[in-house]
Amino acid sequence: MHMSWLQPETPAMYSSQALRLVCRYHIKLTHFLSSLTKNPRVAVAIASHRSIPSPLPSPSPQETQVRLEMDLYKVGMRVEVVGHSEGFWNSYYGAQVLRVDRTKLRVRYEELVDEDYGEYTVEDVDLKHIRPHPPESFDINYRLTVGDDVEVRDRDGWWRGEVVFDDLDDELMVYFSYMAGDDEEEFGTFPYDDVRIHQEVKQVGKGFEWSHVKVAGPK
């Protein structure tokens, strides 16, 4: 009886078929892995023997708003730092943007000098304490008068107050409510050119919109 399955060439034939099958799947697997590694995140995960990272979570509405606002500030832009520490409440100090980070701006003040180094002060400031530099003139035909919410140029910055007397000449008397109780600081008389209207700013689309309101003087 001739039993072909016992012949030496039979296992050799099957081994050759199996080898071709393995090679075919190896080529397919290589192509698949090659396509995966074209994704940078997958390539890093493979290289570091980690599982593929899950997608990053979507930013919250507040984070999105901060990013939109940060996009409006550019290096070299003039801004004002809103006073946010004791002794500087209701003040605004001019500065220039040096760097923009995720939630902070590095600024160099225009007039505040670091006494230790004799150079203009550089500081990292939270976005919430920054506003763009206001327009030089809200309305060239508008004259400041009693009841106006204003800012007075003093001590290298601008300080918020209220006009309480206008002598119709070149000076205005301003009342600073946050300094109430200090007879020397509560009221002050300033040249008209050193007083500007206080303006509020808000983001509108990809820009800023300014407005001002009249307020009542001290009671």
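Residues: numbered from 1 along the sequence shown.
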Testing the basics here: between [X] and [Y], what is the closest heavy-atom pair and its distance to 0.1 Å?
| X | Y | value |
| --- | --- | --- |
| Trp89 | Gly83 | CE3-O, 3.9 Å |
| Gln96 | Gly76 | NE2-O, 3.4 Å |
| Trp159 | Gly87 | CH2-O, 3.3 Å |

Would you check if [X] and [Y] make a side-chain contact, meaning some heavy-atom pair closer than 4.5 Å?
| X | Y | result |
| --- | --- | --- |
| Tyr92 | Val81 | no |
| Met173 | Phe187 | yes |
| Leu127 | Met70 | yes |
| Ile197 | Leu144 | yes |
| His198 | Val150 | no |
| Val82 | Ile130 | no |
| Arg143 | Asp166 | yes |

How long is the gap from CG on Asp126 to CG on Leu105, to the nearest 0.5 Å?
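Going from the CG atom of Asp126 to the CG atom of Leu105 covers 9.0 Å.
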Roughly how far, to the nearest 0.5 Å, is CD of Glu162 from CG of Asp148?
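So the gap between those two atoms works out to 10.0 Å.
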Decide side-chain contact (heavy atoms from CB on, under 4.5 Å) for Phe165 and Leu172; before the verdict, give the C-alpha distance in whole Å, the side-chain angles of both, and the deciding distance to 0.1 Å.
CA-CA 6 Å; Phe165 183 73; Leu172 296 169; over 6 Å; no
[X], [Y]: one ILVMFWY side-chain cluster at the under-4.5 Å cut-off?
| X | Y | value |
| --- | --- | --- |
| Val122 | Val113 | no |
| Val201 | Tyr93 | yes |
| Val195 | Phe176 | yes |
| Val107 | Val75 | no |
| Met77 | Leu98 | no |

With the threshold set at 4.0 Å, does a side-chain nitrogen-carboxylate oxygen contact exist between Glu111 and Arg153?
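A salt bridge is present here (some side-chain N lies under 4.0 Å from a carboxylate O).
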Charged N to carboxylate O under 4.0 angstrom, Asp124 versus Lys104?
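Judged by the 4.0 Å cut-off on N to carboxylate O distance, Asp124 and Lys104 do not form a salt bridge.
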side-chain hydrogen bond (donor to acceptor under 3.5 Å, both in side chains): pairs with one or both residues in residues 73-86, sequence neighbours excluded
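Residue pairs passing side-chain hydrogen bond (donor to acceptor under 3.5 Å, both in side chains), neighbours aside: Arg78-Glu110, Arg78-His133, Glu80-Arg131, Glu80-Arg196.
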Pairs satisfying side-chain hydrogen bond (donor to acceptor under 3.5 Å, both in side chains), at least one member in residues 112-122, at least two apart
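Applying side-chain hydrogen bond (donor to acceptor under 3.5 Å, both in side chains) to every pair that reaches into residues 112-122, excluding sequence neighbours, yields nothing.
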With Arg160 as the cation and Trp158 as the aromatic partner, state whether NZ or CZ is under 6.0 Å from the six-membered ring centre and within 45° of the axis.
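No; the conditions do not both hold, so Arg160 does not lie above the ring face of Trp158.
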Can you check whether Pro191's main-chain N or O pairs, donor with acceptor, with Asp194's side chain at less than 3.5 Å?
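No; zero donor-acceptor contacts below 3.5 Å.
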Could you verify whether a donor N or O on one side chain and an acceptor N or O on the other, from Glu123 and Tyr109, lie under 3.5 Å apart?
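Their side chains do contain a donor-acceptor pair, which is all the 3.5 Å distance test asks for.
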Surrounding CZ of Arg155 (heavy atoms of other residues, nucleotides or ligands, distance under 6.0 Å), is the total greater than 12?
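Yes, because the 6.0 Å sphere around CZ of Arg155 holds more than 12 heavy atoms from other groups.
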